[in-house]
Protein chains: 2
Amino acid sequence: MSIPLAVLSPADTAACCTPLAAGPLSTEQAEQVAPLLKALADPVRLRLMSLIASHDGGEACVCDLNDAFDLSQPTISHHLKLLHDAGLLDRDKRGVWVYYRARTAALASLGALIGCPPA
Amino acid sequence: MSIPLAVLSPADTAACCTPLAAGPLSTEQAEQVAPLLKALADPVRLRLMSLIASHDGGEACVCDLNDAFDLSQPTISHHLKLLHDAGLLDRDKRGVWVYYRARTAALASLGALIGCPPA
DNA sequence: ACAGGACATCGACATCTGTCAATATAGATG
DNA sequence: CATCTATATTGACAGATGTCGATGTCCTGT
C-alpha cells in the first residue's frame with residue numbers, strides 16, 4: 001500500500017515556509033503527520049535516515065548500518081521497520097542483502113510543513 | 001537559559017534541502033535534534049504549535065488554547081510545557097494570562113534539517 | 001484581607017517505546 | 001540436503017509518555 005501524504009504533498013505547500021503558521025492544522029491532519037515525526041524523533045533513527053540518505057546511490061545495505069551502531073542487530077532491524085512502516089524508507093531485497101532507500105519526497109514534505117528558512 | 005540550536009541554525013544550513021542527506025549526522029547532533037522532533041511528534045502538540053503560530057501576532061493565550069481541545073486543562077498545560085522546554089515556544093506572562101509564542105527560527109531550522117522542497 | 005479565576009504542579013495510572021537474547025526465515029553455497 | 005550468513009520476528013522487561021483529578025500558586029478585584 002502506498003503512503004498517504006496527501007496532507008503534506010500538494011503543490012501549494014511547496015510554496016514553502018511554515019505551513020504550520022499558515023493556519024491551524026485539523027485534528028485529522030495532525031494525526032496523520034504526527035506518526036511521521038514520531039518515526040524520526042529518535043537519535044538512532046535520525047542517524048539511520050542520514051546514513052541512508054547520504055549514502056552512495058541514496059541507499060544502504062543493512063549490513064553496513066549495523067556496524068555504525070553499538071546496538072544489537074534486532075534493534076537496528078526494529079528501527080528500520082518503524083521508518084519503513086512510517087513511509088520514510090523503501091525496502092529492496094537483493095539476494096541475501098536488504099537495501100533501504102530514503103523517501104526524499106516524504107522528507108521534503110515533512111520539512112516543508114514544519115518550516116523552511118524564510119526566503 | 002537559552003536554547004542550544006547550534007546544530008541547526010548556522011547560516012550554511014539555510015542553503016536548504018535535506019542536510020539529512022548531506023552527510024551522516026553525528027551521534028551528538030542526532031541526540032540534540034531528536035528531542036525537538038519528539039516535542040513536535042504528537043497530534044495535540046502539532047495542533048498547539050499551528051494554533052499558536054497562525055494566531056494573530058504569532059502568539060496565543062492559554063485560555064484560548066484550552067477551548068480548542070477536548071482535553072483537561074492540566075493536560076494542555078503539560079503539552080505546552082514540553083514545547084516550551086524543547087525551545088519551540090516562548091512563554092510570556094501578562095497579568096493573569098500566559099501567552100505562548102512560536103519560535104519560528106527553531107521551526108525553520110528543524111524543517112531545513114529534515115528537508116525542503118527541491119528548488 | 002479575602003475570594004475567584006488562570007495556569008502550573010503533583011501523584012497515579014494505563015499504555016507505548018527501546019532494548020536485548022533467543023529463535024525463525026530465507027537465500028547462497030558446498 | 002546441510003550449512004552458513006543476513007535479516008526479521010518474538011517475548012520479555014525497564015523506563016518513558018499521555019491523561020486525569022486534586023491541589024498549589026499567583027494575580028486581580030472587591
Side-chain angles (χ1 to χ4, degrees), chain A residues 25 27 30-52 55 59-102, chain B residues 25 27 30-52 55 59-102:
Chain A
L25 250 51
T27 304
E31 280 170 355
Q32 283 193 288
V33 175
L36 296 186
L37 288 170
K38 194 168 279 191
L40 270 182
D42 177 277
V44 174
R45 293 196 290 272
L46 264 181
R47 286 186 61 211
L48 280 171
M49 283 301 299
S50 72
L51 279 169
I52 295 170
H55 200 268
E59 67 177 11
C61 172
V62 176
C63 54
D64 296 328
L65 299 172
N66 278 323
D67 297 342
F69 296 85
D70 216 20
L71 293 169
S72 71
Q73 174 265 321
T75 296
I76 298 299
S77 186
H78 169 68
H79 286 302
L80 288 170
K81 177 179 166 57
L82 289 187
L83 288 167
H84 178 247
D85 288 351
L88 294 172
L89 284 182
D90 275 331
R91 192 172 175 277
D92 183 22
K93 182 160 192 172
R94 296 208 286 272
V96 190
W97 294 279
V98 172
Y99 293 81
Y100 282 95
R101 172 179 297 273
Chain B
L25 249 52
T27 305
E31 281 170 353
Q32 283 194 288
V33 176
L36 296 186
L37 288 170
K38 194 168 279 192
L40 269 182
D42 178 276
V44 174
R45 294 196 289 273
L46 263 180
R47 286 187 61 209
L48 280 171
M49 282 302 298
S50 72
L51 279 169
I52 295 170
H55 201 266
E59 66 178 12
C61 172
V62 176
C63 55
D64 296 328
L65 299 172
N66 278 324
D67 297 342
F69 296 85
D70 216 20
L71 293 169
S72 70
Q73 173 265 320
T75 296
I76 299 298
S77 186
H78 169 68
H79 286 302
L80 288 170
K81 178 179 166 56
L82 289 188
L83 288 167
H84 175 64
D85 288 352
L88 294 172
L89 285 182
D90 275 332
R91 193 174 173 276
D92 182 22
K93 180 161 192 171
R94 295 205 289 272
V96 190
W97 295 280
V98 173
Y99 293 82
Y100 283 95
R101 173 178 296 272

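Each chain gets a letter, A, B and so on, in the order its sequence line appears, and its residues count up from 1.
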- Query: Is the backbone N or O of B:K38 less than 3.5 Å from a side-chain atom of B:R45, with the two atoms forming a donor-acceptor pair by type?
  - Reply: yes
- Check the distance between C:dG4's P and B:W97's CH2 and give it to me in whole angstrom. 17 Å
- Task: Would you classify B:R94 as touching base, sugar-phosphate or nothing, given that sugar-phosphate means primed atoms plus P, OP1 and OP2, and contacts are heavy atoms under 4.0 Å?
- Result: nothing
- Item | Toward the 5' end of DNA chain C, by each residue's nearest nucleotide, B:I76 or A:D70 | B:I76
- Kindly point out which of D:dC20, D:dT7, D:dT17 is positioned nearest to the side chain of B:L71? D:dC20
- Message: Here's a test of your reading of the structure: between A:S72 and B:P74, which maps to the more 5' nucleotide of DNA chain C?
- Response: B:P74
- Item | Per A:H78 side chain, nearest of listed nucleotides D:dT7, C:dG18, C:dA8 | C:dG18
- Under 4.0 Å between any heavy atoms, over every strand shown, what does B:L65 touch: base, sugar-phosphate, or nothing? Just pick one. nothing
- Residue closer to the 5' end of DNA chain D, A:K81 versus A:V96 (nearest nucleotide): A:V96
- Message: Base, sugar-phosphate or nothing for A:Y100? Non-hydrogen atoms, less than 4.0 Å.
- Response: sugar-phosphate
- Item | Shortest side-chain distance from B:R45, nucleotide among C:dC7, D:dA8, D:dG18 | D:dG18
- Message: Measuring only between side-chain heavy atoms, which start at C-beta, is B:I52 closer than 4.5 Å to B:L80?
- Response: yes
- Query: Is there side-chain contact between A:F69 and A:R47, with at least one heavy-atom pair below 4.5 Å?
  - Reply: yes
- Query: Which listed nucleotide (D:dC27, D:dG18, D:dT7) is nearest to the side chain of B:D42?
  - Reply: D:dG18
- Report the distance from atom CG of A:D92 to atom P of D:dA8, rounded to the nearest whole Å. 12 Å
- Picking from D:dT17, C:dT9, D:dA8, the nucleotide nearest the side-chain atoms of B:S77 would be C:dT9
- Task: Would you mind telling me which of D:dA8, D:dC20, C:dG18 lies closest to the side-chain atoms of A:L82?
- Result: C:dG18
- Rounded to the nearest Å, what distance is computed from the CG atom of residue B:L40 to the P atom of nucleotide D:dT17? 14 Å
- Item | Nearest-angstrom distance from the residue atom NZ of A:K93 to C1' of D:dT9 | 13 Å
- Message: From C-beta outward on B:V44, which listed nucleotide comes closest to its side chain: D:dT7, D:dT19, C:dC7?
- Response: D:dT19
- Item | Residue A:R91, side-chain atoms from C-beta onward, closest of C:dC20, D:dC20, D:dT7 | D:dT7
- Query: Given atom NE2 of B:H84 and atom C1' of C:dC7, what is their separation to the nearest angstrom?
  - Reply: 13 Å
- Item | Spacing of B:D85 atom CG relative to C:dA8 atom C1', expressed in whole Å | 12 Å
- Calculate the interatomic distance between A:R47 atom CZ and C:dG18 atom C1'; express it in whole Å. 16 Å
- Query: So, is B:T75 close to the D:dT19 phosphate, meaning a side-chain N or O under 4.0 Å from OP1 or OP2?
  - Reply: no
- Query: Only one of B:L36, B:D42, B:L46 forms a side chain to side chain contact (heavy atoms under 4.5 Å, CB included) with A:L37, so which one is it?
  - Reply: B:L46
- Message: What's A:F69 touching, base or sugar-phosphate or nothing? Going by heavy atoms closer than 4.0 Å.
- Response: nothing
- Who passes salt bridge (Lys or Arg N to Asp or Glu O under 4.0 Å) against A:R101, sequence neighbours left out? A:E59
- How is A:H79 classified with respect to the nucleic acid when contacts are heavy atoms under 4.0 Å: base, sugar-phosphate, or nothing? sugar-phosphate
- Rounded interatomic separation in angstrom, taking CG from B:L37 and P from D:dT17: 14 Å
- Item | Donor/acceptor link under 3.5 angstrom from A:Q73 side chain onto base of D:dA6 | no
- Query: Within a radius of less than 6.0 Å around CG of B:D67, do more than 12 heavy atoms belonging to other residues, nucleotides or ligands occur?
  - Reply: yes
